[in-house]
Amino acid sequence: MLNNAVLLLLSSAAAVLGQLLPAGVTTPIVQDCGFNGTVVCVNRYGAVLPYHFNRTVSANGADYDFRNTTAGNASSFDLLAGADFVVFDQKRGLQYLGENPSYQFMFSVSAAVHEAPVYAPKQNLLFLSQLAPPAGVLPQLVVNLNEDPPTLSDYEPNPPIYAPNGGSFRNGFIVFGASGGNDSIGGGEQRASLRTVDPATNQSTVLLNNYFGYYFNTIDDVAIHPVTKDIFFTDPQYSWFNALSDTAPQLGTASYRFNPATGATFLIDDTIQQPNGIAFTPDGNTLYISDTGAVSGTIDPRLGSQGTTFNTTGKRAVYAFDVTNNGTRVLNRRSFYLSQDWIPDGLKVSQEGLVLTGSGHGVDVVDDIGQLLIRIQTNYTVQNFAWTGENLTTLWLMGNNGISKVEWNIKGQRLT
Ligand SMILES: *[C@@H]1O[C@H](CO)[C@@H](O)[C@H](O)[C@H]1NC(C)=O
Ligand SMILES: *[C@@H]1O[C@H](CO)[C@@H](O)[C@H](O)[C@H]1NC(C)=O
Ligand SMILES: *[C@@H]1O[C@H](CO)[C@@H](O)[C@H](O)[C@H]1NC(C)=O
Ligand SMILES: *[C@@H]1O[C@H](CO)[C@@H](O)[C@H](O)[C@H]1NC(C)=O
Ligand SMILES: *[C@@H]1O[C@H](CO)[C@@H](O)[C@H](O)[C@H]1NC(C)=O
Ligand SMILES: *[C@@H]1O[C@H](CO)[C@@H](O)[C@H](O)[C@H]1NC(C)=O
Ligand SMILES: *[C@@H]1O[C@H](CO)[C@@H](O)[C@H](O)[C@H]1NC(C)=O
Ligand SMILES: *[C@@H]1O[C@H](CO)[C@@H](O)[C@H](O)[C@H]1NC(C)=O
Ligand SMILES: *[C@@H]1O[C@H](CO)[C@@H](O)[C@H](O)[C@H]1NC(C)=O
Ligand SMILES: *[C@@H]1O[C@H](CO)[C@@H](O)[C@H](O)[C@H]1NC(C)=O
């Protein structure tokens, strides 16, 4: 009697839930993975969600990421809201987070883009930039990691550098991709350029500021080939869209290699709509470049800068390339990873070969075949990030309105 009643109840419940819960839903979809809810795990990538589900498409100023998906009756989805780390591959993800992962919001900053983080290990300083608005802002920022807690101050090298948008470290010098173009700023003219800063003296120099007389558009992000030390960089058109350049683009969007020994610049790719993040694997045999074409604007010199809009069906993926012939040949472009949120902006490869990209309100960590392992969740849009510390196990993240840091088991490449 009792058994029959239970069976009847179960089958009628199943009939009701049948529409809401398609066969294949894993329950729970999200579960606590320890650390008091700061780490949660998504089972089977949420590959089957209960009906009705819907993720609102993001727009400028309104970022709806995976945690903002409404998913039928899946109350376990609520666990995502309070988590700092979302683990998608439990075996590897939890290993990479380690015994004591932590996420800390460190500094509130302006709504401007914050970019170009470069760690100077000897000085134990983390340099980063702030872009306009307002136009013409010159001082950049530095985090002093010798203080406890770390402090944030303005920073200006001599001469100052307008709008660094990407950076790396080469032969003891900071290398900045300076993205702005202005004929009267900081006491003179500055064009999109590759610049260096000696962190011991704060003196800056220019390595490259033109392509046979043309201005680059927006030298954006830079990566140093680990073997040849050539400087690879992307050149999208954001400085025009965002009023950081007084001159409309003179070149198409492209990515380049610069050889500081000879002064020669080489085109390596002109198939990406808005090439942005750029990074090498530790062996230098694979190059990743992100396409952030989903955020784009118009080029009409008469109208001037019109800002950018987000188009959810636009390009927002990371591409991989093989690098051969001692870092001189870049070939076999292939699709690698579609960012789960917004656009894949900053891009870096860890010592273990994991690929990290700043995508909207967080950072995605994917393995070398493009499988998402972990997402760091933030409450602000992350543009870029860099590892710091003796063992390079601290990751500093920065973007519009925030700077934060993560402690975990994923190590940065040692840049010398
Ligand atoms: C969880 O929080 C409690 C109380 O705040 C604390 O004692 C405990 O150490 C925390 N556990 C973890 C794994 O962080
Ligand atoms: C999804 O949510 C958005 C925002 O609430 C709404 O405009 C849209 O109609 C919804 N779409 C569906 C299919 O539910
Ligand atoms: C949600 O699930 C609970 C059981 O977990 C069930 O009692 C309830 O009817 C479900 N609601 C809907 C709208 O499916
Ligand atoms: C997305 O979810 C987070 C966490 O619940 C919330 O703080 C944020 O406001 C939501 N975003 C939007 C655009 O609603
Ligand atoms: C150039 O810099 C000056 C500040 O020196 C600023 O007033 C002006 O708006 C800037 N122009 C552009 C196009 O960024
Ligand atoms: C260079 O700048 C850093 C950061 O502001 C500062 O700590 C250091 O003293 C400066 N070095 C020189 C030689 O001025
Ligand atoms: C690779 O390039 C670097 C830098 O140009 C050069 O020093 C080195 O000899 C080259 N190695 C080979 C194997 O060609
Ligand atoms: C968004 O991009 C798609 C191509 O992916 C294009 O067809 C569409 O016109 C674009 N929408 C807008 C508003 O630009
Ligand atoms: C993000 O959260 C921190 C506290 O964790 C808060 O201080 C900060 O104002 C928040 N930022 C935004 C943009 O909501
Ligand atoms: C770096 O790693 C070494 C070797 O594991 C360890 O002795 C040292 O304490 C670590 N340094 C920091 C700052 O964690």
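The structure presented is a predicted model; accordingly, all values stated were derived computationally and were not measured. Ligands are counted one by one from 1 in listed order, and the atoms in each one are counted from 1 as well. Residue numbers start at 1 and run along the sequence shown. The basis for the numbers below is simple: all heavy atoms, side chains too, and nothing from hydrogens, waters or symmetry mates.
Ligand 6 places these atoms under 4.0 Å from at least one heavy atom of A200: 13 (C). For ligand 7 and T228, the ligand atoms under 4.0 Å from any heavy atom of the residue are 2 (O). Short contacts between ligand 6 and N202, defined as distances under 4.0 Å to a heavy atom of the residue, involve ligand atoms 1 (C), 2 (O), 3 (C), 8 (C), 10 (C), 11 (N), 12 (C), 14 (O). For ligand 7, the atoms lying closer than 4.0 Å to a non-hydrogen atom of N326 are 1 (C), 2 (O), 3 (C), 8 (C), 10 (C), 11 (N), 12 (C), 14 (O).
The residue S153 has no part lying near ligand 6, judged by heavy-atom distances below 4.0 Å.
Listed by chain and residue number, K405 satisfy the salt bridge (charged side-chain N to carboxylate O under 4.0 Å, His left out) test with E407 (two or more places apart in sequence, or in another chain). With sequence neighbours excluded, no residue forms a side chain to side chain donor-acceptor pair (under 3.5 Å) with R316. A search for side chain to side chain donor-acceptor pair (under 3.5 Å) contacts involving D246 returns R191, not counting sequence neighbours.
Contact between G46 and I29 at its shortest, heavy atoms only, is CA-CG2, 4.1 Å.
N379 and N401 are not linked by any side-chain donor-acceptor pair at a separation below 3.5 angstrom, with hydrogens and angles left out of the test. With 3.5 Å as the limit, one finds a donor-acceptor pair spanning the side chains of Y45 and Q371.
For ligand 10, the protein residues placed under 4.0 Å by at least one non-hydrogen atom are E390, N391.
Taking 4.0 Å as the cut-off between side-chain N and carboxylate O, R67 and D78 do not count as a salt-bridged pair. Remark: R329 does not engage D322 in a salt bridge, criterion side-chain N to carboxylate O under 4.0 Å. Using a 4.0 Å cut-off between a side-chain N of Lys or Arg and a carboxylate O of Asp or Glu, R170 and D230 do not qualify as a salt bridge.
The distance criterion of under 3.5 Å between nitrogen or oxygen atoms is not met by Y155 with respect to ligand 6.
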